[in-house]
2 protein chains.
Amino acid sequence: MRKRVTIHEIAQLAKVSTATVSRTINRVPTVDPVLARRIRKVIEKEGYYPNTNARALVRGHSRTLGLIVSEITNPFFPEIIQTFAKLGAQNNYEILLSSIDHDPRSIEITARQMFERSVGAVAILTFGGEAPLIDILTTRNIAVFAVDADRPRPLLKTIQIDYEHGIRQAVQHLAALGHERIAFIGGPQQLKTAAMRKFAVQQCMKEIDLELLPELFVDGDHTIDAGLKALSILATMRDRPSAVLCSNDMTAIGVMRAAFDLGLSIPQDLSVIGFDDIRLAQFMTPPLTTVQLSQTEIARLSFSGLLDSLDPRRGGSIRQVYSIKTNLVLRHSTALAPGCIKNRAATAFSESD
Amino acid sequence: MRKRVTIHEIAQLAKVSTATVSRTINRVPTVDPVLARRIRKVIEKEGYYPNTNARALVRGHSRTLGLIVSEITNPFFPEIIQTFAKLGAQNNYEILLSSIDHDPRSIEITARQMFERSVGAVAILTFGGEAPLIDILTTRNIAVFAVDADRPRPLLKTIQIDYEHGIRQAVQHLAALGHERIAFIGGPQQLKTAAMRKFAVQQCMKEIDLELLPELFVDGDHTIDAGLKALSILATMRDRPSAVLCSNDMTAIGVMRAAFDLGLSIPQDLSVIGFDDIRLAQFMTPPLTTVQLSQTEIARLSFSGLLDSLDPRRGGSIRQVYSIKTNLVLRHSTALAPGCIKNRAATAFSESD
DNA sequence: CTGTTAGCGCGTTCAA
DNA sequence: TTGAACGCGCTAACAG
């Protein structure tokens, strides 16, 4: 219930000036070790904590890093947040978390918060729709780290995600299993990452001369519900796909659920591949084969990217573009295409039991 | 790239004193509307944002609310965080999020952050292990809202969760379906909420004279993995349970996955009930019957609890103990016990196909 | 209704 | 190596 302890009281009790206390706290090397110990003891005893607001005010910046995500409710993001926060704690940075949604005001509010708080740098991991935010922030002189930004510039570092790498593996895996009618359930196409994923799928299919069936490309919104609905539609087609590629794991989970409702068993009747590799994926029934986009890797890269921007001495500051690969993780949600020639024997066999 | 705009420059440009600018920003009603408009225009034009650090410094507290959770990686929490953050944005509060894990240092770091930032009040939604934090925080005169705190006191409001209500429904539901060998997979017993859940299960079983089989009560740690392992063990028993009650949904998801691996089908061979009702529960296959503990409700209550603590005029300040009920949500992961008398006909029938 | 002034708690000159 | 003094940007008295 006591009032807050200030640096003055510590100074008085330790019989030194506030300046010396300040130096001790900030580990300025020129303080007499004996004095320093005495001061520390007093600080300890009084339970003194420096006031972050005052420090930030005088310094002109707080030891705070912004982290902007979308859809904290999608398990992909909490994983990122967690490792980002852990790194923050380790390096003595506070994290100002903000999530922006479809509401246009939210981006303004977010920018405001970041700015008002004098954060030094912010990571924008929304995977789309970040352009205006980047502009606002960099204009105000704060460093930004973003995913798939068009091109880096001063104050803007970016991480380029190689979607094709993993998606190619997925497409070819499906092709190898004899699938010819492959559906793709995309994300919202205003979302850059979703557009890029879809594009990569199309490219990879062309590469191996797989026919692109427009009716098999449907867009969702990266939610379970979207996957559920999309499959309901795809499944009613006279010539339904034997495999479904999804723009993210949540969609795939919806697909699996819908398949269950429809009496389609995975992978015998329908092969499913997700994207992201959220932790949950491995615990689905059956375990979901998916294209991994490492969440911890993203968190790590963006964190160290921010640190670099803040402290040019860290050497890496020249580095503007980081990159990360995606990779297929094989689990048990895919199988030979039903009716596929390669599958004849197996089919005949299984039909007999 | 321009330097930060301050209140002084706004004052100069608008040809008024800084005090008037300040009043305008803070909507003090006594400012001349004409002046106010002129000032706002300048603010707009210059893109001025007040410096939160400076405001917090002079006011003695920032418009910030602390939110402490554990395991942000468990989908239960992001849901809470989201609605808490939304309420924060609506009411013009910033949220300082912190998650504490098993590392004992993390609680100290967290307390420090809250204190250094001069947050006005903090919600501790860790569901256990919060006692030391509560002490530290209230000692330093900051209001706290916690779950299942032993007893409220000045500066400590609490939300009492009625675990029994929903758990009784679950237990009786299972009993009504003819289950007699009911297993319970608990959470880590140092976690208060886990202990309470287990206790409630035992009580409710006693109430209806169900025998408590100690070998069917195993403890996990609220992760999918724990559920998976627990069922692997339970399933190998010579006389295995026909139903499993889980201390949370993640555990139940693990159980479902293990059941699949073991070739047990849910609910025919094994009934499963979860706890929490995370959003994912309804999308499991089959959809998981579970005891709902509303995440949005928790977020809402704790948020308004904090607001009350901060502003006694809000009337509700006398209220120290909030409460919330749990309720069974019936979905499709439970069925009549195999071999149960009530089930004879159905069993005979299904055996014939 | 508006301007002047005095700090909020701290880091950082500049002398000593 | 240490201390005195100034000011970061803002709000809250107090005059006017």
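In what follows, every chain begins at residue 1, and chains take the letters A, B, ... in the order their sequences are listed.
Between C:dT2, C:dC10, D:dC10, one nucleotide has an atom nearer to the side chain of B:T30 than all others, and that is C:dT2. With D:dA4, C:dG11, C:dT4 as the candidates, the nucleotide lying closest to the side chain of A:R23 is D:dA4. In this structure, of D:dT2, C:dC8, C:dC10, it is D:dT2 that holds the atom nearest to the side chain of A:D32. Distances were taken from every side-chain heavy atom of B:V16 (C-beta onward) to each of D:dG3, D:dG9, C:dG3; the shortest belongs to C:dG3. Distances were taken from every side-chain heavy atom of A:V58 (C-beta onward) to each of D:dG3, D:dG7, C:dG7; the shortest belongs to D:dG7. Of all nucleotides listed (C:dC10, D:dT2, D:dG9), C:dC10 comes nearest to the side chain of A:T6.
Residue contacts for A:V21: at a heavy-atom cut-off of 4.0 Å it reaches no nucleic acid atom on any strand shown. As judged by a 4.0 angstrom heavy-atom cut-off over every strand, A:L35 is placed among residues touching the sugar-phosphate backbone only. When heavy atoms are screened at a 4.0 angstrom cut-off, A:T20 is found touching the sugar-phosphate backbone but no base atom.
Salt-bridge formation is not detected for the pair A:R55/B:E116: no Lys NZ or Arg NE/NH1/NH2 atom is positioned less than 4.0 Å from an Asp or Glu carboxylate oxygen. Electrostatic pairing of B:D135 and B:R153 counts as a salt bridge here, judged by a charged N lying under 4.0 Å from a carboxylate O.
Here C:dC10 presents its P atom at 10 Å from CD of B:E116, a figure rounded to the nearest Å. Atoms NE2 (B:H61) and C1' (C:dG9) sit 16 Å apart, rounded to a whole Å. Counting to the nearest Å, the C1' atom of D:dT2 and the NZ atom of A:K15 are 17 Å from each other. Rounded to whole Å, atom P of D:dA12 lies 12 Å from atom CD1 of B:I25. Nucleotide C:dG9 holds its C1' atom 12 Å from the CD1 atom of A:I10, rounded to whole Å. A:R38 places its CZ atom 16 Å from the P atom of D:dT1, with the value rounded to the nearest Å. Atom CZ in A:R63 sits roughly 16 Å away from atom C1' in C:dC10 (whole-Å rounding). Put simply, CG on A:L57 is 14 Å from P on D:dG7, counting in whole angstrom units.
With sequence neighbours excluded, no residue forms a salt bridge (charged side-chain N to carboxylate O under 4.0 Å, His left out) with A:E71.
An OP1 or OP2 oxygen of D:dC10 is reached within less than 4.0 angstrom by no side-chain nitrogen or oxygen of B:Y49. Of the side-chain N and O atoms in A:R55, one or more sit less than 4.0 angstrom from OP1 or OP2 of C:dG11. OP1 or OP2 of C:dG11 sits under 4.0 Å from a side-chain N or O of A:N26.
If A:V31 and B:S22 are placed on DNA chain D by their nearest nucleotide, the residue sitting closer to the 5' end is A:V31. Two residues, B:R59 and B:P29, neighbour DNA chain C, and the one matched to the more 5' nucleotide by heavy-atom proximity is B:P29.
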**OP:** Show your reasoning for whether side-chain contact (heavy atoms from CB on, under 4.5 Å) applies to A:I161 and A:S323.
**Re:** CA-CA 6 Å; A:I161 297 177; A:S323 70; over 6 Å; no

- Derivation of the side-chain contact (heavy atoms from CB on, under 4.5 Å) call for A:I68 and A:T126: CA-CA 7 Å; A:I68 303 178; A:T126 53; 4.0 Å; yes

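Between B:F145 and B:F303, the gap from one ring centroid to the other reaches at least 6.0 Å.
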